[in-house]
Amino acid sequence: GGPIFSRVGPRICFLIGGWTYALYSGSLLHFNHYANGAFVIASGGILGVGASFLWIVQGAIMTTYVSESQKGRAIATFWVIFNLGGGIGALVSFAFNYDNKAGTVTDSTYIALMVIMLFGWVLGLFLCSPSRIRLAQLHRAVETEKRSIRGAAEMAIRTICRWRVVCMIPLFFSANVFYSYQQNNVNGLTFNIRTRSLNSALYWIAQMLGGLLIGLILDIPWLDRTNRARLGWAVVFVTGMAIWGGGYAFQLWQDDRMARGLIQDIDFRQGSLSTGPIFLYIFYGAYDALWQGFSYWLIGTESNSTGRAAVLVGCYKTFQATGGAMAWRVNALGKSGKTQLAMNWGLCIGSLLIALPTVWTVSK
């Protein structure tokens, strides 16, 4: 995706991939009526390809269309808007399924989401090319980029093979490994359907707050870029240890409940029984924002070139998707919640330690 971006620009890349989200929602609507699993799987594969183009465009714009002193705020702004979409979608689902006892969401949920997704896709027509951005650092980077196919490929290989990027690869790999556990084991096995929808909304709202927090930390004006990198790393490390530690206590509690046959039974109106697990899920959402916001900011320290940033974001999304696919497979094999928790906790903390040399050598 990165070399393609450098050839055709952000608008074409976005239009290539953006429509595939609505296709996938449509396949789920179709499945509710005709149980056509092949269509869902094929649409999921198409969405995977389309999403790669969308995310590369997003990442390249977010990390290069702003000055160095504002990259944290740019990431925070994106994260708020991005998760506002997730929050609205979850609230739509919560409203449509408040009295739903069927165990699956209504047709109107999928139709509403398809309309929102297609509207967002059309907005891609208004994306601005790098050459039109009034930013000196971006213009200097654009002028030095090679535009031939061979030059784009060589640039991509050189960029990914830097030792600083290699140290970040485990960080990229771990960015989505916890989704399957959090969504299926924590939210999916614990709560009834309307509370799962409410939790999803709270999860995305927490992402907005987490994105704002990490954005402000990474733009602290009285610290140079080196110290902002180290502070951001420390925040992600300490909060990770605390939140995963809380997740371990939850998992012990959930294992005891499941041994007694209690599953998908907790409602948000149950007060003290639901409060702790709901807040844990909220903190999981905030931590995802801290993790990904810091990862994107670290990518932004490598280059102000949109072409190089697209390659780095492509690398990020590639390994992020690889880790996510591995984790979903582990979840599908029915591994215990405690095993999945240990895997997620270990990968997150281990990858932060491996990325430390890159963090420590971020230039001022």
Side-chain angles (χ1 to χ4, degrees), residues 24-25 27-33 35 37 40 44 83-114 116 176 178-210 243-244 246-288 327-328 330-341 344:
Y24 184 66
S25 286
S27 74
L28 296 175
L29 173 62
H30 186 268
F31 183 84
N32 272 3
H33 292 276
V40 175
N83 289 290
L84 181 63
I88 290 173
L91 288 173
V92 167
S93 179
F94 176 62
F96 286 154
N97 296 286
Y98 189 84
D99 296 316
N100 182 9
K101 308 296 183 183
T104 183
V105 298
T106 60
D107 288 357
S108 52
T109 303
Y110 292 119
I111 293 170
L113 293 176
M114 288 170 65
I116 294 170
N176 274 5
F178 37 75
Y179 276 12
S180 57
Y181 168 75
Q182 292 172 0
Q183 294 173 14
N184 284 358
N185 291 68
V186 179
N187 199 28
L189 293 180
T190 309
F191 304 97
N192 60 23
I193 189 168
R194 69 178 179 185
T195 306
R196 294 199 298 270
S197 297
L198 175 62
N199 286 345
S200 293
L202 295 173
Y203 184 94
W204 301 123
I205 292 170
Q207 291 247 11
M208 295 162 63
L209 297 175
I243 293 170
W244 286 116
Y248 178 71
F250 163 83
Q251 192 58 57
L252 294 177
W253 173 80
Q254 187 189 62
D255 289 346
D256 178 67
R257 282 176 49 82
M258 292 182 66
R260 292 183 281 123
L262 300 174
I263 186 173
Q264 294 183 330
D265 62 324
I266 294 182
D267 188 81
F268 72 93
R269 296 185 301 181
Q270 289 180 265
S272 59
L273 184 63
S274 63
T275 300
I278 288 174
F279 268 93
L280 174 65
Y281 200 62
I282 290 171
F283 285 126
Y284 277 147
Y287 186 64
D288 181 36
W328 282 105
V330 169
N331 189 270
L333 289 173
K335 299 298 181 181
S336 70
K338 193 176 293 185
T339 297
Q340 294 183 64
L341 173 71
N344 295 334

Exam field: side chain N344 to backbone Q340, donor-acceptor pair closer than 3.5 Å: yes

Side-chain heavy-atom pair F268, N199 within 4.5 angstrom cut-off: no

Rounded distance [0.5 Å steps], CG in L84 versus CD1 in I205: 8.5 Å

Contacts under 3.5 angstrom, residues 277-287 side chains, donor-acceptor by atom type, not counting sequence neighbours:
{"residue": "Y287", "atom": "OH", "partner": "V236", "partner atom": "O", "Å": "3.3"}

Exercise: do Q251 and D255 side chains pair donor with acceptor under 3.5 Å: yes

Q264 (side chain) donor-acceptor with G188 (main chain) under 3.5 angstrom: yes

Close side-chain approach of R257 to D265, heavy-atom, < 4.5 Å: yes

Distance (rounded to the nearest 0.5 Å) between L341 CG and L252 CG: 9.0 Å

L91 CG to L202 CG distance, which is reported to the nearest 0.5 Å: 8.0 Å

Expected output: side-chain D267 to main-chain Q270 donor-acceptor under 3.5 Å: no

Pairwise side-chain contact, V40 with L28, heavy-atom cut-off 4.5 Å (strictly under): yes

Gap separating the OH atom of Y24 from the CE atom of M114, nearest 0.5 angstrom: 13.5 Å

Beyond-backbone contact of T190 with F250, side-chain heavy atoms, under 4.5 angstrom: yes

Validation row: N187, S200 side chains within 4.5 angstrom (heavy atoms): yes

Spacing of D256 atom CG and W253 atom CH2 [to the nearest 0.5 Å]: 9.5 Å

Check: N185 main-chain N/O paired with Q254 side-chain donor or acceptor under 3.5 Å: yes

Side chain to side chain donor-acceptor pair (under 3.5 Å) partners of S336, counting only residues at least two apart: T339

Considering all heavy atoms, the nearest G87-A201 contact: O-CB, 4.0 Å

Derivation of the side-chain contact (heavy atoms from CB on, under 4.5 Å) call for Y203 and D288: CA-CA 10 Å; Y203 184 94; D288 181 36; 4.1 Å; yes

Min side-chain heavy-atom separation D107-N32 under 4.5 Å: yes

Spacing of Q207 atom CD and L209 atom CG [to the nearest 0.5 Å]: 10.0 Å

